[in-house]
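These notes concern the structure reproduced below.
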Protein chains: 2
Amino acid sequence: MNSEFTIAVHSLVLLAYLPERMASSETIAENVQTNPARIRKVMSVLRKSGFVETREGVRGGYRLAVEPGEVTLGDIYRAMAQGSLMPGWCSGDPEMDCIVGSNMRTVMNGIFCTAEKRLEDYFDSITIQAVLGQIRAC
Amino acid sequence: MNSEFTIAVHSLVLLAYLPERMASSETIAENVQTNPARIRKVMSVLRKSGFVETREGVRGGYRLAVEPGEVTLGDIYRAMAQGSLMPGWCSGDPEMDCIVGSNMRTVMNGIFCTAEKRLEDYFDSITIQAVLGQIRAC
DNA sequence: TCGTACTGTAATTATATTCGTTACAGTTCG
DNA sequence: CGAACTGTAACGAATATAATTACAGTACGA
């Protein structure tokens, strides 16, 4: 679920860069270097979250529905990849006798939750506009 | 590579909790809820980083080689899972014409690097001792 | 109103990663 | 010497991730 975050950011930055702020899934896919179906899947989530509008049919595609300076990577992260920090596998087992084995899972959960909040805070400090600025500065 | 970090933390906390600060891979595996070979693999890294000493042969096992109050989760993260935040898959292609497609990878790399530093900073604020304290407080 | 150019979505396959298992050589102690 | 350990690698199973294909639905324009 993590590289979809990267794809989402890339797609929105590309839309923000284009004069019309609009492109088809094929154009975006070429720029991102993946296939159109994957882009459509990601864009489907971004549409439901209100970041883009879609137009089906001829001359259709995706159009940026927000101001690049007002959307942060944190917003995108929450829509696409929330919870990705915590490993799927967890150690210990609440049913154990040993307090270490039985409580470790809860404690690590708390630590990962806080870590994730910190990560979101950092992502919240970066807008789509800022990413585009960094790209132009390359 | 991410759940090995959890296993490493769990193992070190368990050692810090035990009176002798020592246990075999089988004992640790049972507590963590995995198999001994996996534990030995993780402990092998921790040994090379100086967190534990091992004794082979009869009555052998792993002994904590540091003070629980002086080792942070950041130290463990750097030893076990550094770089795990960045997705394996990267978008764009430096050879492209479009500045977005060609520079996105570099920019995202920088963003993920900083995010990772922040994550380490947070992990550096938590010692093995502190995790054990949280477990006791459960 | 029909054909073309799009999106939406799901099913299927291919590939990579993660985890468990087994095996066995090497080490230490009694 | 034999029992109880670690060190390490090879193999296979399970799971996660990504690509591909397919096709129904929609909108525009001739």
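Given the structure is predicted, the values throughout are model-derived calculations rather than measurements. Just so we're on the same page: letters track the sequence lines, and every chain starts at 1.
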Separation of [N] [atom2] from [X] [atom1] (nearest whole Å):
{"X": "Arg55(B)", "N": "dC5(D)", "atom1": "CZ", "atom2": "C1'", "result": "10 Å"}
{"X": "Ile7(B)", "N": "dG20(C)", "atom1": "CD1", "atom2": "C1'", "result": "11 Å"}
{"X": "Arg59(B)", "N": "dA4(D)", "atom1": "CZ", "atom2": "C1'", "result": "10 Å"}
{"X": "Met22(A)", "N": "dC28(D)", "atom1": "CE", "atom2": "P", "result": "10 Å"}
{"X": "Glu4(B)", "N": "dC19(C)", "atom1": "CD", "atom2": "C1'", "result": "10 Å"}
{"X": "Glu26(B)", "N": "dT21(C)", "atom1": "CD", "atom2": "P", "result": "13 Å"}
{"X": "Glu56(B)", "N": "dC24(C)", "atom1": "CD", "atom2": "P", "result": "19 Å"}
{"X": "Gln33(B)", "N": "dG20(C)", "atom1": "CD", "atom2": "C1'", "result": "14 Å"}

Which nucleotide sits closest to the side chain of [X]: [options]?
{"X": "Arg38(A)", "options": "dA18(D), dA4(D), dT6(D)", "value": "dA18(D)"}
{"X": "Trp89(B)", "options": "dG7(D), dT7(C), dA19(D)", "value": "dA19(D)"}
{"X": "Ser3(B)", "options": "dC28(D), dC19(C), dG8(C)", "value": "dC19(C)"}
{"X": "Val58(A)", "options": "dA5(C), dG7(D), dT21(C)", "value": "dA5(C)"}
{"X": "Ser44(B)", "options": "dT7(C), dG20(C), dT8(D)", "value": "dT8(D)"}
{"X": "Ala37(B)", "options": "dT7(C), dT27(C), dT22(C)", "value": "dT22(C)"}
{"X": "Ser24(A)", "options": "dG8(C), dC6(C), dG20(C)", "value": "dC6(C)"}

message = Rounded at 0.5 Å granularity, tell me how far CG in Asn2(A) sits from CH2 in Trp89(B).
response = 12.0 Å
query = Taking the six-membered ring for Trp, is the centroid-to-centroid distance between Phe51(B) and Tyr62(B) below 6.0 Å?
reply = no
task = Determine whether the aromatic ring centres of Phe112(B) and Tyr122(A) lie less than 6.0 Å apart.
result = no
query = Short question: side chain of Ser49(A), backbone of Leu46(A) - any donor-acceptor pair under 3.5 Å?
reply = no
Arg38(A) versus Ser3(A), side-chain donor and acceptor atoms under 3.5 Å = yes
message = Using a heavy-atom cut-off of 4.0 Å across all strands, would you classify Gly88(B) as base, sugar-phosphate, or nothing?
response = nothing
ask   = At under 4.0 Å, does any side-chain N or O of Arg47(B) touch on OP1 or OP2 of dG7(D)?
value = yes
